[in-house]
Amino acid sequence: MEYKNKIMVRGLNLWYSGKQALKDVCVDIQEKRVTAIIGPSGCGKSTFVRCLNRMNDLVEAVRITGEVFLDGILDGKNIYDPDVNVVELRRRVGMLFQSPNPFPMSVYDNVAYGPRIHGEKDKEELDEIVEWSLKSAALWDEVKDRLNKSALDLSGGQQQRLCIARTLAVKPEVVLFDEPCSALDPIATGKIEDLIHELKKQYTIVIVTHNMQQAARVADYTGYFLLGEMIEFGKTKQIFENPKEKSTEDYITGRFG
């Protein structure tokens, strides 16, 4: 089966306070596939992924050059064009972070938050969105009798799945995961990985992970970063079993990093 490109990155550079963190990154990321970004700490993995929905705009003294195109989003514009609606961009390109960050409100209100912000007021419609989103995040059966209880009472793994449900509630097309399991135990991690396998049927997924076994388990494609450069990109099996670059092989075999 052929998959088309959903994300096209061309000549992406980023500087923090004059220090270059990304260097001429070019890559195509396929629709409804899982792409893992691996590499040693401080190599630019998270910085790269945050460029895909302009989260780095929130950091002071950042300068970015290059282009990022998202098929079917923003009428084919470079997302860094000055007239791009960043709120709409982030609705279409959702993001999950390392530590779960539920809002200090009920489970229901966490999931309904986004649709309400975007103008949905009908209670029946919100009920349907909340149920659908929680089912999509494999959480409904665990919380359907606790919808009005505080989200902060959930376990860490449940909180992370709640954050996934909150992201899905606004109907994104791309979901970015920035080390979503780093704060979770192995059982909770397994549930998130199973969920990612299900989500890719509908969404384009990019996941930053420091866990190479996780990349091998969940990703169709893998990109290896080192010192701000995309050293190698390809099918996950090829990257792990037959890397073309010596530095990729050194990292995967544990010689450094």
Side-chain angles (χ1 to χ4, degrees), residues 34 36-37 45-46 49-50 52-53 55 58 87 90-211 213-215 217-219:
V34 179
I37 305 298
K45 303 187 297 292
S46 293
V49 168
R50 287 165 181 254
L52 303 181
N53 69 348
M55 287 297 289
L58 305 174
V87 174
R90 291 184 188 142
R91 183 186 75 77
R92 308 278 286 276
V93 185
M95 188 158 197
L96 272 292
F97 299 95
Q98 281 183 302
S99 296
N101 60 341
F103 301 142
M105 53 181 70
S106 71
V107 170
Y108 183 100
D109 287 339
N110 262 271
V111 183
Y113 183 87
R116 283 172 173 155
I117 288 290
H118 290 284
E120 184 58 67
K121 294 180 173 64
D122 184 83
K123 177 67 164 63
E124 202 170 293
E125 184 66 22
L126 285 169
D127 287 349
E128 288 183 10
I129 291 170
V130 169
E131 181 173 345
W132 175 85
S133 301
L134 289 168
K135 283 180 174 176
S136 297
L139 189 59
W140 173 253
D141 289 341
E142 296 170 46
V143 301
K144 62 185 177 184
D145 300 321
R146 305 164 61 184
L147 295 179
N148 295 317
K149 300 287 179 66
S150 172
L152 303 180
D153 293 339
L154 300 177
S155 70
Q158 288 173 327
Q159 288 184 11
Q160 192 65 300
R161 280 181 284 146
L162 177 64
C163 293
I164 293 173
R166 190 175 68 197
T167 299
L168 300 182
V170 295
K171 302 286 197 295
E173 296 175 36
V174 177
V175 183
L176 311 173
F177 290 84
D178 189 0
E179 299 197 26
C181 302
S182 63
L184 304 181
D185 63 45
I187 291 173
T189 294
K191 288 184 178 181
I192 297 290
E193 290 181 4
D194 290 343
L195 181 54
I196 287 171
H197 278 295
E198 285 301 308
L199 292 176
K200 79 174 183 182
K201 295 173 184 175
Q202 290 183 264
Y203 307 95
T204 302
I205 293 174
V206 184
I207 178 171
V208 172
T209 179
H210 64 279
N211 183 329
Q213 290 77 22
Q214 181 173 74
R217 287 191 298 265
V218 305

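Predicted, not measured: the structure shown is a model, and the values here were computed from it.
With Gln158 contributing its side chain and Ser155 its backbone, the two residues share a donor-acceptor pair below 3.5 Å. The closest donor-acceptor contact from the side chain of Asn110 to the backbone of Ser106 lies under 3.5 Å. A donor-acceptor pair under 3.5 Å links the side-chain atoms of Ser182 to the main chain of Glu179, judged by distance alone.
Residue-environment remark: CG (Leu58) exceeds the threshold of 12 foreign heavy atoms within 6.0 Å. Dense packing is recorded around CZ of Phe97, with more than 12 heavy atoms of other residues, nucleotides or ligands lying under 6.0 Å away.
When side chains are defined from C-beta on, Leu126 counts as touching Glu120, because their heavy atoms get closer than 4.5 Å. Between Pro180 and Gln160, the closest side-chain pair of non-hydrogen atoms falls below 4.5 Å. Proximity of Ile205 to Phe177: side-chain heavy atoms (C-beta onward) are separated by under 4.5 Å at one or more points. Side-chain contact between Asp109 and Arg116: present, with at least one pair of heavy atoms (C-beta onward) separated by less than 4.5 Å. Side-chain contact between Pro172 and Arg92 is absent, with no heavy-atom pair separated by less than 4.5 Å. By the 4.5 Å heavy-atom criterion applied to side chains, Pro100 and Leu162 are not counted as neighbours. Put simply, the side chain of Cys181 does not reach to within 4.5 Å of the side chain of Asn211, judged on heavy atoms. Proximity of Thr204 to Val175: side-chain heavy atoms (C-beta onward) are nowhere separated by under 4.5 Å.
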Quiz item: When you look at Gln214 and Thr189, which way does the side-chain contact (heavy atoms from CB on, under 4.5 Å) test go after all the steps?
Solution: CA-CA 9 Å; Gln214 181 173 74; Thr189 294; 3.7 Å; yes

Quiz item: What's the verdict on side-chain contact (heavy atoms from CB on, under 4.5 Å) for Asn148 and Val107, showing C-alpha distance, side-chain angles and the deciding distance?
Solution: CA-CA 6 Å; Asn148 295 317; Val107 170; over 6 Å; no

Self-check item: Candidate pair Arg91 and Asn53, rule side chain to side chain donor-acceptor pair (under 3.5 Å), full reasoning
Solution: CA-CA 9 Å; Arg91 183 186 75 77; Asn53 69 348; over 6 Å; no

Exercise. Verify side-chain contact (heavy atoms from CB on, under 4.5 Å) between Lys200 and Ile196, making sure each step is shown before the conclusion.
Key: CA-CA 6 Å; Lys200 79 174 183 182; Ile196 287 171; 5.7 Å; no

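Here the CE-CE distance, from Met95 to Met55, works out to 6.0 Å after rounding to the nearest 0.5 Å. Summarising the geometry, atom CH2 belonging to Trp140 is positioned 4.0 Å from atom CD belonging to Glu131; distances are rounded to the nearest 0.5 Å. With values rounded to the nearest 0.5 angstrom, Ile37 atom CD1 is found 11.0 Å from Thr209 atom OG1. Distance CD/Glu198 to OG/Ser136: 10.0 Å, rounded to 0.5 Å. Taking CG of Leu139 as the reference point, atom CG of Leu154 lies at 6.5 Å (rounded to 0.5 Å). Distance check, rounded to the nearest 0.5 Å: CG of Leu96 to CD1 of Ile207 gives 9.5 Å.
Cation-pi geometry between Arg166 and Phe103 is met: under 6.0 angstrom from the ring centre, within 45 degrees of the axis.
Across every non-hydrogen atom of Pro115 and Ile129, the tightest pair is CG-CG2, 3.9 Å. The shortest non-hydrogen separation linking Glu125 to Asp122 is N-OD2, 2.8 Å. The two residues Arg161 and Ala138 have their closest heavy-atom pair at NH1-O, 2.7 Å. Across all non-hydrogen atoms, the minimal contact from Val170 to His118 is CG1-CD2, 4.0 Å. Residues Leu184 and Ile192 come closest through the heavy atom pair CD1-CG1, 3.9 Å. In this structure, Pro102 and Leu152 approach most closely via the heavy-atom pair CG-CD2, 3.9 Å.
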